[in-house]
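Written below as structure tokens is the structure these notes are about.
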Amino acid sequence: MKSKLTVLLSMAPVAAMAVEIASESMKVTLDEREQCAVTRVVSAGGVELGATRGRAPLFSIKATRCDDFTKSMTIEPGKGSTCAVAKDGDTVRMTYTGLGAEIAKVVCTVRPDGAKLRWNISVEPNAGWAAETVSYPQILTAENIGTTGVDDAVVAGNAKGG
């Protein structure tokens, strides 16, 4: 009696690993394999603005116990967390879960607005915890834009509203 071995190969398409979002002045690439960290930032003229090496987590949250302000944790996407990405028209929505006992869910969105990209974040802490400080979006920039960094500048807000 002869035996027959059948091998099944899956030819399913590979899921998208990068999501791009563009405004009139720049294009940003988010890598799903790295919890949607920004992996590339390119100006409309083709100048690389993002770091070519290394990644920063897309956000960092300092969560503090409501009943004891001396107990705090820093929460970032990484091992154990999941990121579900959805694109609705021009808006990219990233929903993070599995961030630990402190934070139930984080929803990040980015959408073009003329020459700008609008970044928004919503944090849902678990009972007994509060989001004290949020840093978002975190993007590593290129060491130099062009041949020298003498005239380079980055402008960012750190107040309510940006």
Assess whether side-chain contact (heavy atoms from CB on, under 4.5 Å) is satisfied between Val110 and Val28, documenting all intermediate values. CA-CA 10 Å; Val110 60; Val28 172; over 6 Å; no

Expected list for residues 91-102: side-chain donor-acceptor pairs under 3.5 angstrom, two or more places apart:
unit_1, atom_1, unit_2, atom_2, d
Tyr96, OH, Gln35, O, 2.7
Thr97, OG1, Thr82, OG1, 2.7

From [X] atom [atom1] to [Y] atom [atom2], the distance as rounded to the nearest 0.5 Å:
X	Y	atom1	atom2	answer
Met17	Arg33	CE	CZ	6.0 Å
Leu49	Asp152	CG	CG	9.5 Å
Lys27	Ser43	NZ	OG	10.5 Å

Side chains of [X] and [Y]: closer than 4.5 Å at any heavy-atom pair?
X	Y	result
Ile61	Thr74	no
Val41	Ile139	yes
Trp129	Cys66	no
Phe59	Cys108	yes
Glu124	Val106	no

Check [X] against [Y] and note the closest heavy-atom contact, atom names and distance.
X	Y	value
Ala131	Pro125	N-CG, 4.2 Å
Trp119	Leu58	CZ3-CD1, 4.0 Å
Leu30	Cys36	CD2-O, 3.4 Å
Val19	Glu32	CG2-OE2, 3.6 Å
Ile75	Ala63	CG1-CB, 4.3 Å
Pro112	Ala22	CB-O, 3.2 Å

Step by step, would you call Val42 with Val47 a side-chain contact (heavy atoms from CB on, under 4.5 Å)? CA-CA 5 Å; Val42 181; Val47 177; over 6 Å; no

Determine whether Ile21 and Leu117 satisfy the following criterion, side-chain contact (heavy atoms from CB on, under 4.5 Å), listing intermediate values before the conclusion. CA-CA 8 Å; Ile21 184 123; Leu117 286 175; 4.0 Å; yes

Counting only N and O atoms by type, is there a donor-acceptor contact under 3.5 Å from the side chain of Ser72 to the main-chain atoms of Thr64? no

Is the side chain of Gln138 donor-acceptor paired with the backbone N or O of Pro57 at a distance under 3.5 Å, no angle test? yes

So for atom CG, which belongs to Asp67, do other residues, nucleotides or ligands contribute more than 12 heavy atoms lying within a distance under 6.0 Å? yes

Ion pair check, [X] and [Y], cut-off under 4.0 Å:
X	Y	result
Asp90	Arg111	no
Glu48	Arg40	yes
Asp113	Lys116	no

